[in-house]
Amino acid sequence: MQPDMSVEIAGVLLKNPVMTASGTFGSGQEFSEFVDLNRLGAVVTKGVASVPWPGNPTPRICETPSGMLNAIGLQNPGEETFAKRDLRFLEQFDTKVVVNVCGHSTEEYVDCVRRLADEKRADLLEINISCPNVKEGGISFGTNPRAVEQITAAVKKAARQPVIMKLSPNVTDIREIAKAAEAGGADALSMINTITGMKIDVRRRTFALANRTGGLSGPAIHPVAVRMVWECAQSVKIPIIGMGGIADAEGALEMIMAGASAVSVGTANFRDQTTVIRVIDGIRAYLEENRIGSVRDLIGCVR
Amino acid sequence: MQAGQETGIRAVQKFRERAKVLQNTRIAGGIYDLRLKTEQIAAAAQPGQFVSVYSNDHSRLLPRPISICGADPKSGELRLVFRVSGRGTEEFSRLSAGDRVDLTGPLGNGFPESVLKSQSGKTVFLIGGGIGIPPMVQLARTLAAGDDEKGVPRLISVLGFRDELFLVDDLKAYSEVVIATEDGSCGTKGNVLDAIRERNLKADVICACGPTPMLRALRAYAQETGTECWLSLEEKMACGIGACLSCVCKSTDIDEHSKVRNKRVCTEGPVFNSTDIEL
């Protein structure tokens with residue numbers, strides 16, 4: 001018997017629990033040359049704001065042991081182009097679409113969410129209140145519980161789609177932030193965003209990134225992400241989408257067992273464009289081998 | 001409308017392959033000549049395109065973009081000439097015959113059709129600085145083969161080296177060669193522009209790849225002399241296929257795809273008309 005791979009996030013049924021992490025997959029168009037997007041649980045698009053953002057100077061990335069640092073700075077073409085071009089492109093696929101939203105202020109987040117209200121191709125919204133690479137809007141919102149609750153409530157009021165708040169790991173106790181998002185009315189949580197880091201280029205004797213600091217991602221951060229997902233799964237009732245360094249089915253299953261209802265694959269897409277497919281096939285194989293009827297039976301099974 | 005038409009990007013199919021190493025030779029200090037057997041990439045490759053080369057050590061996540069020095073569509077042989085500049089390229093320098101290495105390619109736009117179909121009677125400068133020289137070999141070979149109707153342009157390779165020479169004989173097979181060395185050990189003492197001015201050379205079209213200061217100087221020279229100029233840029237990349245926006249350069253005008261003054265080196269480039277970008 002085929003195991004049931006479907007999961008539910010805030011009333012939206014995903015055919016499997018595997019999505020792409022925002023910023024690593026564009027809107028799917030470039031990757032669609034390598035990956036059948038119909039197979040994905042969802043495509044999570046790169047962060048979009050109400051107007052175009054130019055992003056940071058280069059170099060924007062560098063490699064680190066089992067990871068990388070990025071400081072793209074949320075370059076995006078603005079909501080209008082995104083809706084006209086990227087969401088239209090995604091209409092041809094049988095998958096869910098999670099639109100990641102960024103802003104510099106509560107007003108900007110709310111404005112962008114309002115513009116997306118009538119977009120039928122946007123199934124869920126993921127609110128990025130945790131980008132470490134922009135001074136305002138990103139991390140300044142995501143590290144203060146009061147601010148998280150307020151912005152969640154404001155976005156929730158304006159949004160027509162279910163709202164996922166994306167949390168920063170750059171805090172003392174992420175459970176406080178998770179509870180604040182839940183109190184503000186969030187339908188789900190995404191965690192974790194990148195961990196702030198720095199690399200020095202010893203040949204040039206300067207910062208490897210033009211932005212000096214960047215967000216660390218990749219397998220290096222996976223154990224931190226699993227720990228934080230597990231902590232929050234014990235603290236909130238809303239579903240969690242787990243991400244941070246997932247590169248194979250084992251990494252995804254760890255997240256699910258720690259309490260994630262779904263997972264996102266990010267940096268690993270850069271090494272192998274088909275990582276998401278390998279993760280989906282690997283989870284199914286695990287369920288078959290262990291005679292588990294539904295992936296839902298594994299969610300939070302490790303307490 | 002064909003894919004890519006809107007932005008003028010050549011619509012090419014990209015392939016992911018596990019290529020077999022045929023041969024890997026050190027041709028100068030820290031410079032390696034890697035020959036690979038590919039199934040599809042070599043047959044599809046155009047001059048000025050590049051490939052993403054992946055480490056076999058999974059703790060190194062990001063592919064290294066390396067320009068294509070040669071591609072034989074019949075045999076499937078792909079030639080990459082690269083400089084060891086870090087842990088990834090150091091690993092590639094140790095590859096030997098029979099080893100396997102993952103590739104994605106061909107990537108990027110390559111030199112435009114208008115250059116590849118240059119007429120006889122025209123002069124084309126192929127300017128390479130250091131590790132920017134390898135893509136000029138593939139370009140010279142293609143241009144020297146000529147166009148049935150339009151003939152073959154005059155090709156002058158202007159090569160800049162710190163000291164040790166490499167790929168000079170490869171370019172001599174297809175073009176006149178002018179050399180500049182920083183230490184004066186061969187040719188003009190100085191840079192590629194010094195060599196051009198010393199000989200009072202002139203061209204209708206410039207194609208160049210090399211360090212940013214060289215490209216910046218050539219951009220200014222092209223503007224002064226009113227010469228058509230195509231520059232191949234380098235930038236740190238993550239996905240290599242246009243999704244992550246790591247490898248942007250500044251553009252003169254608002255870009256059609258990004259809607260800001262940024263172009264993706266991996267997709268709109270790596271070859272740009274010098275008037276379209278800022279350096």
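Because only heavy atoms are used, hydrogens play no part in the values below, and waters and symmetry mates are left out as well, while side chains stay in. A note on names: the letters A, B, ... follow the listed sequences, proteins ahead of strands, and every chain is numbered from 1.
Summarising the local packing, CZ of B:R162 is surrounded by 12 or fewer heavy atoms from other residues, nucleotides or ligands at distances under 6.0 Å. Other residues, nucleotides and ligands place more than 12 heavy atoms under 6.0 Å from the NZ atom of B:K37. Counting heavy-atom neighbours within 6.0 Å of A:R115 CZ, excluding the residue itself, gives a total above 12. Around CZ of B:R100, the count of heavy atoms belonging to other residues, nucleotides or ligands within 6.0 Å exceeds 12. Annotation for B:E39: atom CD does not count as buried by contact number, only 12 or fewer foreign heavy atoms lying within 6.0 Å. Open room surrounds NZ on A:K199; 12 or fewer heavy atoms of other groups in view lie less than 6.0 Å from it. Heavy atoms from other residues, nucleotides or ligands lying under 6.0 Å from CD of B:Q223 number 12 at most. Atom CZ of A:R212 has 12 or fewer neighbouring heavy atoms from other residues, nucleotides or ligands inside a 6.0 Å radius.
Annotation: the span from A:T267 atom OG1 to B:L62 atom CG amounts to 8.0 Å, rounded to 0.5 Å. A distance of 11.5 Å separates OG of B:S246 from CG of A:N56, quoted to the nearest 0.5 Å. Rounded to the nearest 0.5 Å, atoms OG (A:S66) and NE2 (B:H58) are 11.0 Å apart. Note that CZ of B:R16 and CD of A:E33 are 13.5 Å apart. Values are rounded to the nearest 0.5 Å.
Counting heavy atoms from C-beta outward, B:S59 and A:P65 have side chains that stay 4.5 Å or more apart.
Shortest non-hydrogen contact noted between B:T104 and A:F34 is CG2-CZ, 3.7 Å. When all heavy atoms of A:R85 and B:H257 are compared, the closest pair comes out as NH1-O, 2.9 Å. For the residue pair A:E30 and B:R264, the shortest heavy atom distance occurs at OE2-NH1, 3.3 Å. Contact between B:L61 and A:G218 at its shortest, heavy atoms only, is CD1-CA, 4.2 Å. Between A:Q273 and B:Y54 the shortest heavy-atom distance is NE2-OH, 3.4 Å. For A:Q75 against B:S258, the heavy-atom pair with the smallest separation is NE2-CB, 3.4 Å.
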Would you please test A:E63 and B:R64 for side chain to side chain contact (heavy atoms under 4.5 Å, CB included) and show each step? CA-CA 11 Å; A:E63 194 178 69; B:R64 272 57 176 172; 2.8 Å; yes
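Within residues 230-245 of chain B, the residues having any heavy atom less than 4.5 Å from a heavy atom of chain A are, in residue-number order, B:E235, B:K236, B:M237, B:A238, B:C239, B:I241, B:G242, B:A243, B:C244, B:L245.
At least one donor-acceptor pair closer than 3.5 Å links the side chain of B:N262 to the backbone N or O of A:P54. When atom types are taken as modelled, the side chain of A:R60 and the backbone of B:V248 share no donor-acceptor pair closer than 3.5 angstrom. Distance alone, capped at 3.5 Å, is enough to place a donor-acceptor pair between the A:R271 side chain and the B:S55 backbone. A donor-acceptor pair under 3.5 Å is formed between the side chain of A:R203 and the backbone N or O of B:S85.
Both the backbone and the side chain of A:D272 come within less than 4.5 Å of a heavy atom in chain B. Contact annotation for A:S27: neither backbone nor side-chain heavy atoms come within less than 4.5 Å of a heavy atom of chain B.
By number of non-hydrogen pairs under 4.5 angstrom with chain B, the leading residue of A:G78, A:G67, A:G55, A:P57 is A:G67.
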